[in-house]
Amino acid sequence: MKLILFAAALAASQPADRIFIGAHIVTMDASRPSAVAVVGERIVWSGDATAAEPWIGANTTVTQLGHHALLPGFIDAHGHLSFLAQAVDMANVSSPPVGPARTIADVQRVLREYIASRDIPRGAWVIGMGYDDSLLEEQRHPERTDLDAVTTDHPVVLLHVSGHLMTANSIALARAGIGAETPDPAGGHVRREAGSNQPSGVLEETATFPLRGIVQAQAQDPQDTVPRALDVYARYGITTVQDGATSIEQLAKYEILDAQGRLDLDVVVYPLAMAPEVALPDRRRFDHYGRRLKIGGVKLLLDGSPQGKTAYLSEPYFVPPPG
């Protein structure tokens, strides 16, 4: 399929608003045109640069790409806009290429620098996002003692890259009411230190809920953070964004932003529909945009995360998780 939406015969009567000329223009087939013409918000023609002249009028903006590439907008196939909106102000404890953490010592360094650079007061929460035990040299999760070594003055909680696990220091566990006597909740697991019931700091699935609620309470108003999160997507060429597992409350906030014209990208939401009492608003049709917002379906959860090793498999994990 080529990116040609109107017949080239229109060229003589309708100059383009913009035309991009260069050697690196990507289309949806095997051809490699060297020019693309745009009228309004539509690509109306693509072809060889030698045939572009009829599209150029007095008010046409001509961009010479040189050695840069012109790519189509990317569609986010599985994402969480509301989660990124929370994460934009968190410490980045991801491993390369997303972040700098190759070792647990790197995670500790990032957290110390984050606390110092923001002058976070004693007792205030420190939240990090994106650590991946499988990419750290130690091949394990940072635990309570690792995070206590960073600070005992701040509650610290880190979100696993899968979003299905968390790890926390001693003061954060205490504030969430998680201790040696805390039982595993249904659908979750509190990992313990060897030979005791003392939590190691690592929490799986529903065991994260007490801390997850605190993390969400610390998040800024989505009226401010959602537009900033959309800017992150746009910088990477993503023009359609997904929010899987949207709450009904979050959907209402998206509707406000959409009505205000503050969604600069297309946003497709999938409300979480696990509880039988969940009802979607009648004012929203499935698969139909208002301005830049639509409901694409609903999300259901079955077990857990293969990345976090909490999902059920038909065969054992090659490296079984603890317990």
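Remark: Asp264 engages no residue in a side-chain hydrogen bond (donor to acceptor under 3.5 Å, both in side chains) (not counting sequence neighbours). Every residue two or more places apart in sequence or in another chain that forms a side chain to side chain contact (heavy atoms under 4.5 Å, CB included) with Ala105 is listed here: Thr103, Gln108. For Glu193, the side-chain hydrogen bond (donor to acceptor under 3.5 Å, both in side chains) test picks out Arg144, with sequence neighbours left out. When the side-chain hydrogen bond (donor to acceptor under 3.5 Å, both in side chains) test is applied to Asp266, the partners found at least two apart in sequence or on another chain are Arg292. Ala207 is linked by a side chain to side chain contact (heavy atoms under 4.5 Å, CB included) to Pro185, Val190, Leu203, counting only residues two or more places apart in sequence or in another chain. Under the side chain to side chain contact (heavy atoms under 4.5 Å, CB included) criterion, Ile171 pairs with Pro155, Asn169, Arg175, not counting sequence neighbours. In terms of the side chain to side chain contact (heavy atoms under 4.5 Å, CB included) criterion, residue partners of Arg235 (sequence neighbours excluded) are, by chain and number, Asp231, Val232. Partners of Arg140 by side-chain hydrogen bond (donor to acceptor under 3.5 Å, both in side chains), not counting sequence neighbours, listed by chain and number: Asp146.
At a threshold of 4.5 Å between non-hydrogen side-chain atoms, the residues Met129 and Phe83 count as touching. Side chains of Met166 and Val202 form no contact here, defined as non-hydrogen atoms less than 4.5 Å apart. Arg191 has its side chain within reach of Glu204: a pair of non-hydrogen atoms, C-beta onward, lies under 4.5 Å apart. Using a 4.5 Å heavy-atom cutoff, the side chains of Leu265 and Tyr233 are in contact. Side-chain atoms of Asp17 and Thr61, non-hydrogen and from C-beta on, never get closer than 4.5 Å to each other. When side chains are defined from C-beta on, Gln86 counts as touching Val215, because their heavy atoms get closer than 4.5 Å. Within the 4.5 Å cutoff, the side chain of Leu81 has no heavy atoms near those of the Gln242 side chain. Taking 4.5 Å as the limit, every side-chain heavy atom of Ser82 sits out of range of all side-chain heavy atoms of Val226.
Atom CD1 of Ile120 is separated from atom CG of Asp153 by 12.0 Å, given to the nearest 0.5 angstrom. Here the CD1-CG distance, from Ile21 to Leu70, works out to 11.5 Å after rounding to the nearest 0.5 Å. The structure places CZ of Arg122 at 12.5 Å from CD1 of Ile115, a figure rounded to the nearest 0.5 Å. The structure places OH of Tyr270 at 13.5 Å from CG of Leu251, a figure rounded to the nearest 0.5 Å. Taken from CD1 in Ile43 to CD1 in Ile19, the straight-line distance is 11.5 Å, to the nearest 0.5 Å. Rounding to the nearest 0.5 Å gives a distance of 13.0 Å between NE2 of His80 and CD of Gln250.
Other residues sharing a hydrophobic cluster with Leu272 under the 4.5 Å side-chain heavy-atom criterion for ILVMFWY residues are Met274, Leu300, Leu301.
Both Ile104 and Val156 sit in one connected hydrophobic cluster of ILVMFWY residues. Membership requires side-chain heavy atoms under 4.5 Å apart, directly or through other members. Leu111 and Val157 fall into different hydrophobic clusters, defined by Ile, Leu, Val, Met, Phe, Trp and Tyr side-chain heavy atoms under 4.5 Å apart, directly or through other members. Hydrophobic clustering, with ILVMFWY side chains joined whenever heavy atoms are under 4.5 angstrom apart, keeps Leu158 apart from Met90. Linking ILVMFWY side-chain heavy atoms closer than 4.5 Å, directly or via other members, places Ile248 and Val269 in a single hydrophobic cluster. Linking Ile, Leu, Val, Met, Phe, Trp and Tyr whenever their side-chain heavy atoms come within less than 4.5 Å puts Leu257 and Val267 in one cluster.
Within the 3.5 Å criterion, the main-chain N or O of Ser170 finds a donor-acceptor partner in the side chain of Asp148.
Taking all atoms of both residues into account, the shortest heavy-atom contact from Ala101 to Pro96 is O-CD, 3.8 Å. When all heavy atoms of Ala51 and Pro54 are compared, the pair lying nearest together is O-CD, 3.4 Å. Residues Ala259 and Arg291 come closest through the heavy atom pair O-NH1, 3.0 Å. The two residues Val36 and Ser46 have their closest heavy-atom pair at CG2-CB, 3.9 Å.
Shown here is Glu53, whose CD atom has no more than 12 heavy atoms of other residues, nucleotides or ligands within 6.0 Å. Residue Ile75 qualifies as open at atom CD1: its count of foreign heavy atoms under 6.0 Å is 12 or below.
No hydrogens or angles considered: a donor-acceptor pair under 3.5 Å links the side chains of Tyr254 and Asp243. Side-chain N/O atoms of His189 and Asp184 include a donor and acceptor closer than 3.5 Å.
The salt bridge (Lys or Arg N to Asp or Glu O under 4.0 Å) analysis of residues 101-110, with sequence neighbours excluded, yields the pairs Asp106-Arg109, Arg109-Glu113. Within the structure, every pair that satisfies the side-chain hydrogen bond (donor to acceptor under 3.5 Å, both in side chains) test and touches residues 124-134, not counting sequence neighbours, is listed here: Tyr131-His141, Asp132-Ser134, Asp133-His160.
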Could you tabulate the donor-acceptor pairs under 3.5 Å formed by side-chain atoms of residues 311-323, not counting sequence neighbours?
residue, atom, partner, partner atom, Å
Tyr317, OH, Ala311, N, 3.4
Tyr317, OH, Ala311, O, 2.8

